[in-house]
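Note that this is a predicted model, so its numbers are computed, not measured. Letters A, B, ... mirror the listed sequences (proteins, then strands); counts begin at 1.
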Amino acid sequence: MTSLLEVNGLTTHFTTRDGIVKAVDGVSFRLDSGKTLAVVGESGSGKSVTALSIMRLVQEPQGKTVAGEVLFKGTDVLKMNEREVRDLRGDRVAMIFQDPMTSLNPVFKVGRQIGESLMLHKGMSRKQSFERAVELLDMVGIPHPRERAGDYPHQFSGGMRQRAMIAMALACDPDILIADEPTTALDVTIQAQILELMMEIQERTGTAIIMITHDLGVVADMADDVMVMYAGKQVEYGSADEVFYRPRHPYTWGLLDSLPRHDIDEKGALQPITGQPPSLIDVPSGCSFHPRCRYAQPVCSAEVPPLAEVSDRHCAACLFAADPEFVRGAPLPVAAGEGGAR
Amino acid sequence: MLKYIVRRVLQMIPVFIGVTIILFILRAPGVLPGDPVRMITGERAISEQLRAQIIEKHALDQPLHRQYALYVSNLLRGDLGESYQRGRPVLDIFAEKFPNTLRLALAGILVEIVLGVTAGIISAVRQYSFSDVLVTLSTSVLVSVPVFWLGMLFQIFFGIKLKEWTGGAFYLPISQMSSADFPDWVHLILPAITLASVSTAYVARIMRSQMLEAMGQDYIRTAEAKGLTRRAVTFRHALKNALIPVVTFIGIDFGVMMSGAILTETVFSWPGVGREIFLAVGQRDWPIVMGGVIIIVFLVMIINLIVDLSYAVLDPRIRYGGGAE
Ligand SMILES: Nc1ncnc2c1ncn2[C@@H]1O[C@H](COP(=O)(O)OP(=O)(O)O)[C@@H](O)[C@H]1O
Ligand SMILES: [Mg+2]
């Protein structure tokens, strides 16, 4: 059976003055109707570019998807012509961006911006689309939706703008909703409300969600599958249960360890991963995570770890992932401990 | 909004007082050379009786502050006095010249909008293309060319060198617009282009940079993600944002052009407000100079007010006096 979305070996490069940025390097995943895939990773790991590549919105000519396929209901989006892609965008696949302050056009009324895709894809008149925009604003929990539809974005608070963005994305009842860090720019209480809203909407409409975030904690409750990205590559991918409870990649362990936990003293529990993510122009040899990995062995800088299945619906890209002893919290290897890797 | 307009209008009063006082100080005896009676009568000898009459008529024997008070009270009644040289009311003279200036200004603004905005948009949409480089280069040249020099160049080239070819359409003096061979607007072409040259270059540059900036904004990506065509994204979402500063510039520039393009009008002998003031300064015809400057100040302030108000219409983030946020 074909999945709603199947991405194989997606590779997107940017040509810059300093060299070629391998922003996305061979990413593969699938997404079924009504499901949620979480894409996590530190900032700069290629999450946004992955999303933009799926929508074919990577800025040309600097950016180009050079390999892979993006099968939407079995048809390769990367092979579609401009018109076909436009018909998909905003109608079948919609996107919400990180910063609701800047993602809405300041000179158009909110209702008009929401109605725009309805006029485009559903052939509604301006009046019909405005009526529908009012309903959508109501659905995303904006009080007095009729009056607010006539307001401009600057008259909305941050949380309300993100709600309006969600209403805009949902206008055409898309099959897939891609949310690129939708709550990062919002404060914590609003974050929870927005996530709540997205789950509620998914339940009602059955839309599939790709939830991009740098915070694993955000998606713990809502994800069906989790994909962890590091330096443009997928390092771990599997069901949420597997990735959260039986993580096999040291980078995922690092992400989990850096989550604030409420059961222990917070200061003691926070263990951020040391060092900085690498430049995507000069990716380290072998496993790109090895310079920051506490478990790194000499072989790690020589051999590129393949994304290998470690259990049912669970893959990891670590040379030691198959070793049953190599689990989160495993003792540090002797060599690294003595040699003083840092 | 209304409060804002009232406040702006009230702010004009001190500006008027300041401008009129400065002009009065300039014409005080000893500040600039010239006997006002001579200015009126010319070089020929006149009788003492006539001299006294003239002094009486123009209140030249009164102390300066009296003259000022008289002038202001006449001004408030809409009387700008009488020209020394022409013996006609100043208001009549300007009423006659103003339509010419207005026509030239409108033509100039048209050039500015059509050429400047189009060039800026093309330049931005096709960044680094041949047309972009062409626009960038020609605007750099234009902003550094003196207006009067460009005007003369045009006259030499189109008026004299190409006289046969253009059928003498641009032959001087343009001020004799009676030549029935050509429709009126033909005479407008060269002065309008000259008048608009520098501003057109600025408009093109502002338009280009604003457009490029708008195209890089997050809301453009949002619009693309909706599935809009490149065209709709550019001309609906980016252009409306990019136009805001351009419209402001053009509006203010219109005020400047209306206030008499002194250089252009003089070079082309265009019978407008600017040339009239230029001539009056040379003749020390104070009523005309003062009346002209006052009319200009008034026009510029009104136009700036209109520009500011239209800014609020274009950019919803700005609402004067309403206290929306
Ligand atoms: N337009 C661009 N030009 C050059 N490099 C880019 C561009 N957009 C993204 N990149 C690079 O691609 C990499 C991945 O970026 P991104 O996908 O935005 O990361 P994330 O969303 O995970 O924080 C980064 O190294 C970034 O510098
Ligand atoms: Mg991002």
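Both cation-pi conditions hold for B:Arg221 and A:Phe97: the charged atom is under 6.0 angstrom from the six-membered ring centre and inside a 45 degree cone around its axis.
Only the backbone of A:Leu104 comes within less than 4.5 Å of a heavy atom in chain B; its side chain stays farther off. Contact of A:Ile178 with chain B is not made at all, since no heavy-atom distance falls under 4.5 Å. A:Met165 touches chain B through its side chain: at least one heavy atom from C-beta onward sits under 4.5 Å away, while N, CA, C and O do not. There is no contact between B:Gln217 and chain A, counting heavy-atom distances below 4.5 Å.
The number of heavy atoms from other shown groups lying within 6.0 Å of CD (A:Gln59) does not exceed 12. The neighbour count for A:Phe72 CZ, taken as heavy atoms of other residues, nucleotides or ligands under 6.0 Å away, is above 12. Within 6.0 Å of the CZ atom in B:Phe98, the count of heavy atoms belonging to other residues, nucleotides or ligands exceeds 12. The environment of NZ in A:Lys64 is sparse: at most 12 heavy-atom neighbours from other residues, nucleotides or ligands sit within 6.0 Å. For A:Lys35, the NZ atom counts as loosely surrounded, since its 6.0 Å shell holds 12 or fewer non-hydrogen atoms of other residues, nucleotides or ligands.
Inter-residue side-chain proximity for A:Glu116 and B:Leu228 is flagged as met; some heavy-atom pair is nearer than 4.5 Å. Taking 4.5 Å as the limit, some side-chain heavy atom of B:Asn241 sits within range of a side-chain heavy atom of A:Asn105. Annotation: side chain of B:Thr229 is not in contact with side chain of A:Arg83 (no heavy-atom distance under 4.5 Å).
The distance from the CZ atom of A:Arg86 to the CZ atom of B:Arg230 is 11.0 Å, given to the nearest 0.5 Å.
Looking at B:Thr222, its side chain does come within 3.5 Å of a backbone N or O of A:Ser103 through a donor-acceptor pair. Formation of a donor-acceptor pair under 3.5 Å by the B:Lys226 side chain with backbone atoms of A:Gln113 is found in this model.
Between A:Pro106 and B:Pro316, the shortest heavy-atom distance links the atoms O-CG, 3.2 Å. The nearest pair of heavy atoms linking B:Ala225 to A:Met95 is CB-CB, 4.4 Å.
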